[in-house]
There are 2 protein chains.
Amino acid sequence: MAAQPSEPGAPVRGDVPDVGVAGVERIRDAERTRADILAVATREFADRGYAGARINEIADKTSTTKRMIYYYFGGKEQLYVAVLEEAYRRIRVLEQQIDVEHLDPVHAIRELAGVTFDHHESHPDFIRLVSIENIHRAEHIARSTVLSNLANPAVDVLGAILRRGWDAGVFRDDVDALDVHQVISAFCVFRTANRHTFGAIFGRDMLDHARREHQRRMLGDLVVAYLTTH
Amino acid sequence: MAAQPSEPGAPVRGDVPDVGVAGVERIRDAERTRADILAVATREFADRGYAGARINEIADKTSTTKRMIYYYFGGKEQLYVAVLEEAYRRIRVLEQQIDVEHLDPVHAIRELAGVTFDHHESHPDFIRLVSIENIHRAEHIARSTVLSNLANPAVDVLGAILRRGWDAGVFRDDVDALDVHQVISAFCVFRTANRHTFGAIFGRDMLDHARREHQRRMLGDLVVAYLTTH
DNA sequence: CCGGTCATGTACCAGTTGGTGAGTTAGTTC
DNA sequence: GAACTAACTCACCAACTGGTACATGACCGG
């Protein structure tokens, strides 16, 4: 969105857009600097929250300086929004790869739940960012045109599965796709988001590898049992 | 715990321990000042997170001064831990009042889920504090002897219900009480903790009053359907 | 090889933040 | 009513925090 090297109506230079010779690192590389800042900022914000993260510290962990953060992003808040946007974008790309149309409704819903389970487990930073954004009452998401207009592939897929299940008469019909998505998300998000307090209070690590398959099957059974009971 | 007026080996004065004449407010009242600070701090920490909350602002919203916060609690972190301890204590008191022994296992589990649903819905600040504490990887809970040794009535009750259900052969036996508690908590916590991002992205408020009964029944159905499927 | 612009490093700042030293008053005890 | 202590007030601070003015060097087109 902001300050990319080949932005204004500049004459398109065909191939080899930025790197002069393949493999030769440019000292000055806007895209790389931007990406570097974004990567470090993602880690820091996810780790310490918005208020807890420090611009100075982010800059120090970057291979560039604080000045560049302001040059590319404008300020702490805009940097945070950029981090959120990029994090959501990546998850959506993953979700778009879900393909369960070849399965019957019951197996499809179990597969969808399982894949969602996997996605959440392998993106703890994303879950943390979402938690943090909820503490701020999603004010940044609400203000970001990118984020509030982002399609949600997982829910679309879910809707298609449900329709097939209803047609076949195997699923209860007093819920909609968003309800089911909520249940699946709740289970997956809770496991990661509340891992630490749950562990401290009950002495069980919900993400313990030894319990992983049990939990994954539990989610599948939960959703299938619920949908097929009517 | 700390600094109460009638603390050291002072000769016990029988009745009328603190207030000279009933109804006459004392100007200096340690207990009231402490409680005032704690109440304001709870709101501020729940609202803005640990790093986002400001000692100065907490003090301003109190009827006392910043110096008193340090007098009674020692520092920002200790104040935050005191807030956490008090919040957990109150929830546990509520949980202890759950009484479902007179119900058959299936109705008991539905009732327990419903009551948990109600508790979570009516204590959003507690949920926020838990989310915040998870961002900090539960480091404060881990260090608090009060919190890491707190019993959990809800899980005990749940365990008793499950045992009765197993004996009667109506419940599946490949889960334990903590698994089921996790499922119920996940649903209830998610609804409140992720309300804002969920609302911003899907355009549905999970806490909308019009959807409340539907959601409450959904949780009951979910847990019962799962447990009775085997 | 030269001029301009994009990218970057240095030094700095004003406001804020958690925290404290030291003195003062209310209420109790004897 | 003197003496004592818990409860409280006031003024102050060093460190930090997000943010910026300005100088400088790299890269590209011509």
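Proteins get letters first, then strands, A, B, ... in listed order; numbering begins at 1 in each.
In this structure, A/Ile69 atom CD1 and C/dA7 atom P are separated by 16 Å, rounded to whole Å. Distance, A/Asp60 CG to C/dG9 P: 13 Å, rounded to whole Å. Between the P atom of C/dT5 and the OH atom of A/Tyr71 lies a distance of 12 Å, rounded to the nearest Å. In this structure, the CZ atom of A/Phe73 is 14 Å from the C1' atom of C/dA7, given to the nearest Å. Between B/Ile58 atom CD1 and C/dT17 atom C1' there is a gap of 12 Å when expressed in whole angstrom units. Following rounding to the nearest Å, B/Arg32 (CZ) and D/dC8 (C1') show an atom-to-atom distance of 13 Å. Nucleotide D/dA7 holds its C1' atom 10 Å from the CG atom of B/Asp29, rounded to whole Å.
For B/Asp36 (side chain) and B/Ser63 (main-chain N/O), a donor-acceptor pair under 3.5 Å exists by modelled atom type.
Classification of the A/Tyr80-A/Phe45 ring pair by plane angle, with boundaries at 30° and 60°, yields perpendicular.
At the phosphate of D/dC8, OP1 or OP2 sits under 4.0 Å from a side-chain N or O atom of B/Tyr72. In this structure, A/Thr33 does not reach the C/dA7 phosphate: none of its side-chain N or O atoms is under 4.0 Å from OP1 or OP2.
Side-chain contact between A/Phe187 and A/Phe117 is present, with heavy atoms from C-beta onward closer than 4.5 Å. Residues B/Tyr88 and A/Thr197 have side chains in contact (heavy-atom distance under 4.5 Å, counting atoms from C-beta outward).
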Contact letters for nucleotides 9-19 of chain D, in which S counts primed atoms plus P, OP1 and OP2 and B counts the base, heavy atoms under 4.0 Å: BB------SBB
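Residues A/Ile58 and A/Val40 come closest through the heavy atom pair O-CG1, 3.5 Å.
The salt bridge (Lys or Arg N to Asp or Glu O under 4.0 Å) analysis of residues 63-72 of chain B, with sequence neighbours excluded, yields no pairs.
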